[in-house]
J.: 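Shown below is the structure under consideration.
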Amino acid sequence: MGIKFDESNRLFFIETAHTSMCLAVVDDEGFLCNVYYGGCVGEDDLTYLLRTGIYPFLPSHNSRDRGGFLDMARMEFPSSGVGDYRKSAVCLRDEEGHDASQFTYVSHRIFDGKDNLYGLAADGKKIRIPATFGDNAQTLEIELEEKVLGVRAYLSYSIFEDSDAILKSVRLENRSDRTVIIDRLLSSCLDLDGGTFENNEPDIITLSGSWARERRLDRRRITRGNTEVYSTRGVTSHQFQPFSVLCGRNTDDSHGKVYAQNLIWSGNFICGSGIDQFETVRSYIGISPEHFTWNLKAGESFQAPEAVLVFTENGFDSMTHIFHDLFRDHLIRSPYLHKERPVLINNWEATYFDFDTDKLLSIASDAKRSGIEMLVMDDGWFGKRNDDNSSLGDWIVNEEKLPGGLKRLSDELEKMGMKFGIWFEPEMVSPDSDLYRAHPDWAVAAPGRTPCRMRNQYILDITRNEVRDHVYESVANVLRNANIAYVKWDMNRALTDIGSVELDAQSLGRFSYLYTLGVYDLMGRLLEEFPDLLLENCSSGGGRYDAGMIFYSPQIWCSDDTDAFERLSVQSGTSFVYPLSTMGAHVSASPNHVTGRVMPFDVRGAVALSGTFGYELDITAIPEEDRNAIPEQVEIYHRYGELVREGDYYRIACNAEHAGYYDAWMSVSKDKRSALVTYIQCRAYPGGKGRVIKLKGLEPSAVYEIKLVGSDDENSCWCSRDKKAAWEALSTDRLSGSSLMNAGLIMPNLPGDYAQITLEITKK
Ligand code: GLA
């Protein structure tokens with residue numbers, strides 16, 4: 001394990017516990033090529049894999065066909081305009097418009113630790129860019145040079161002792177005395193030999209969706225050409241994730257090669273893979289070149305965000321564990337990371353805009369009685385906001401609704417023993433707001449155009465210091481004056497009509513990057529002043545669910561779709577990459593407000609238990625039977641919260657692959673002593689004799705006790721007597737780990753659509 005340089009062969013070896021990456025400095029000019037990435041190979045000289053012994057040979061042996069080499073070689077930092085016609089990692093232009101560039105090796109350094117990343121705001125302020133951190137890291141920095149333009153590139157590769165991920169980022173430095181224009185700078189480019197995958201045509205998996213249908217697994221074959229997902233919305237988006245997997249056709253949850261890439265960034269991105277004429281597969285990820293140009297003046301630097309590369313030969317579960325562990329151990333900074341989160345009740349679906357202090361207190365007091373620990377007051381508490389047409393930006397409490405203000409409400413809640421949380425949408429302004437009337441130029445707008453409204457709102461130009469300061473102070477002032485434990489930071493529209501009074505024609509192409517930095521700056525400042533604040537991110541549900549955001553908020557609202565059946569797909573896609581501890585999941589009313597679907601209360605609870613648990617309903621108005629079920633659900637959440645938050649997550653069955661009939665997953669503690677298994681029967685199966693599910697991740701030789709959750713209590717709402725009887729007819733209470741994993745357990749056929757079985761598995 002570790003990073004080494006073989007001086008005589010000019011080879012870099014980056015080795016984690018189970019993977020190797022090998023880079024080579026090639027030919028007299030010093031091209032940087034990717035020789036190999038995959039399972040461990042030690043420190044053998046693998047440069048034969050570059051095929052430089054066959055035509056077109058290296059440029060030093062064959063200068064008449066230099067282009068042939070550049071278009072075939074597995075380039076680590078491919079540039080445009082000089083002979084590599086595939087997707088490039090970097091595209092630079094000089095002031096006259098010439099866009100050829102070629103980067104070659106200058107030097108490198110290997111050091112213990114890992115540097116923080118910083119970007120520069122429009123006024124030159126250094127803003128931290130989210131990136132992994134930790135003591136047990138080692139880094140290789142390779143310096144490359146573009147001789148004609150006088151630009152240096154610093155390619156950084158870091159590994160952690162306890163992770164199989166490789167972290168890559170790039171910084172450009174203009175050492176010339178002229179401006180150089182960056183049209184494209186991606187964070188990672190990886191060329192894999194065609195023979196890496198069976199049949200040379202791997203599958204690609206992306207997470208695709210829409211509002212209320214976020215991050216569903218989408219698997220298809222790639223062939224010649226490129227398959228790309230992207231966002232130009234200014235946020236990562238509901239539609240796509242900065243994430244993709246390349247895998248063999250037979251790769252499944254437990255077997256097979258997986259090459260995954262992810263970007264720690266919350267704005268525009270591209271993420272793609274393509275196969276070239278020689279069957280080389282090129283994957284790339286980084287900031288989207290669309291709506292991006294950066295005029296890099298003499299002496300300036302530009303930092304691209306960090307990409308995460310993961311390889312495993314043990315299927316998707318193993319990839320998931322690498323991401324979850326990396327993010328929990330080296331990216332999420334919140335003091336809540338390892339803490340039990342308060343069970344919250346959010347009033348959005350309970351009241352929408354129609355509430356006052358009395359209504360909130362009545363929800364809170366019923367909630368308190370049921371064991372719920374925090375009330376979150378959602379949209380509608382400020383300005384004159386009685387619908388979504390006004391007042392964003394006027395973060396002044398509406399005393400007509402909340403007499404005595406937030407202070408009175410939070411004091412009353414405190415007396416009850418309830419924590420208090422509050423909703424903001426800090427990046428926005430309503431055209432009908434005092435803020436907009438006072439500062440119309442603070443909204444993002446292109447001169448001569450009426451900016452496109454979405455949800456009747458505009459975006460504040462937080463690339464400007466003055467605007468950012470105002471936004472910060474207006475949020476911080478509210479937090480300073482009441483006892484607020486939690487903030488839900490929402491962002492409900494995408495960027496359009498880009499323009500900023502402070503950015504001239506030369507600098508406008510920076511806007512979307514600076515906007516993302518602005519968000520990071522605001523969140524960073526907020527957590528500095530309020531270090532104990534529990535920040536939950538949201539963007540019309542899960543429109544900005546990404547690795548950049550979890551640097552600030554340990555939990556993100558997964559989707560506005562709270563229908564537990566729909567959530568199976570959303571949560572299974574989200575947890576493919578992001579830890580369960582980051583997934584905001586609530587029990588809501590039935591029929592569901594988005595889909596109209598009717599589902600039993602315990603099934604809604606079982607699905608929400610896989611995330612940060614809470615309620616999103618009018619507890620005073622739901623059927624008594626459901627209200628009575630809450631204390632037991634809260635107790636179950638507390639009993640298994642740690643297992644879900646800290647354990648290894650395994651997919652057992654996904655309803656999309658089982659004709660919508662059933663779904664199952666489990667969390668196993670790191671020491672393999674305990675596990676929680678959730679089985680959801682989505683549709684009744686006529687004539688069914690019960691399904692076998694095979695558990696995962698247990699210790700084969702250990703003996704485990706198997707218990708139906710809730711079965712000890714005669715009056716359990718979680719486990720009815722009928723369910724207990726159905727379970728007992730087919731179950732056993734003790735089995736070895738190997739039997740549980742190889743032979744499995746039978747889930748009884750339960751009457752009706754939508755039923756849950758939750759099992760506790762404990763090592764004896
Ligand atoms: C977004 C969020 C919801 C809610 C509303 C309030 O849509 O995703 O949870 O907060 O805004 O307007």
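Order of listing sets the numbers, starting from 1, for every ligand and every atom in it.
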J.: Between Trp557 and Asn537, is any pair of side-chain heavy atoms under 4.5 Å apart?
T.: no
J.: With a 4.5 Å limit on heavy-atom distance, are the side chains of Val570 and Arg215 in contact?
T.: yes
J.: Considering the heavy atoms of Arg455, write down every atom of ligand 1 situated less than 4.0 Å from one of them.
T.: 6 (C), 11 (O), 12 (O)
J.: Does His586 have a non-hydrogen atom less than 4.0 Å from ligand 1?
T.: no
J.: Any nitrogen or oxygen of Ser539, main chain or side chain, under 3.5 Å from a nitrogen or oxygen of ligand 1?
T.: no
J.: Apply salt bridge (Lys or Arg N to Asp or Glu O under 4.0 Å) to residues Asp411 and Lys415 and explain how you reach the verdict.
T.: CA-CA 6 Å; Asp411 286 351; Lys415 270 190 234 154; over 6 Å; no
J.: Pull out every atom of ligand 1 sitting under 4.0 Å from any heavy atom of Gly541, numbered as shown with elements.
T.: 8 (O)
J.: Please verify whether a non-hydrogen atom of Lys488 lies at under 4.0 Å from ligand 1.
T.: yes
J.: So, regarding Cys538 and ligand 1 (criterion: nitrogen or oxygen to nitrogen or oxygen, under 3.5 Å), is there a contact or not?
T.: no
J.: Return the closest protein heavy atom for atom 12 (O) of ligand 1 as residue, atom name and distance.
T.: Asp379 OD2, 2.6 Å
J.: Closest heavy-atom contact between Ser244 and Cys271?
T.: OG-SG, 3.4 Å
J.: Starting from the C-alpha separation in whole Å, work towards a yes-or-no answer on side chain to side chain donor-acceptor pair (under 3.5 Å) for Asp546 and Thr236.
T.: CA-CA 7 Å; Asp546 55 66; Thr236 36; 2.9 Å; yes
J.: In terms of the angle between their ring planes, are Phe323 and Phe243 parallel, tilted or perpendicular, with boundaries placed at 30° and 60°?
T.: perpendicular
J.: One residue to check: Glu616. Relative to ligand 1, which of side chain, backbone, both or neither has a non-hydrogen atom less than 4.0 Å away?
T.: neither
J.: Out of Asn492, Asp378, Asn346, Asp560, who gets a non-hydrogen atom closest to atom 3 (C) of ligand 1?
T.: Asp560
J.: Are the side chains of Leu533 and Leu526 in touch, meaning some heavy atoms are under 4.5 Å apart?
T.: yes
J.: For atom 11 (O) of ligand 1, what is the nearest protein heavy atom, given as residue, atom name and distance?
T.: Asp490 OD2, 2.9 Å
J.: Describe, in one word, how the ring planes of Phe613 and Tyr637 are oriented to each other, choosing from parallel (under 30°), tilted (30 to 60°) and perpendicular (over 60°).
T.: parallel
J.: Run the numbers for me: atoms of ligand 1, each under 4.0 Å from some heavy atom of Trp557, listed by number.
T.: 8 (O), 9 (O)
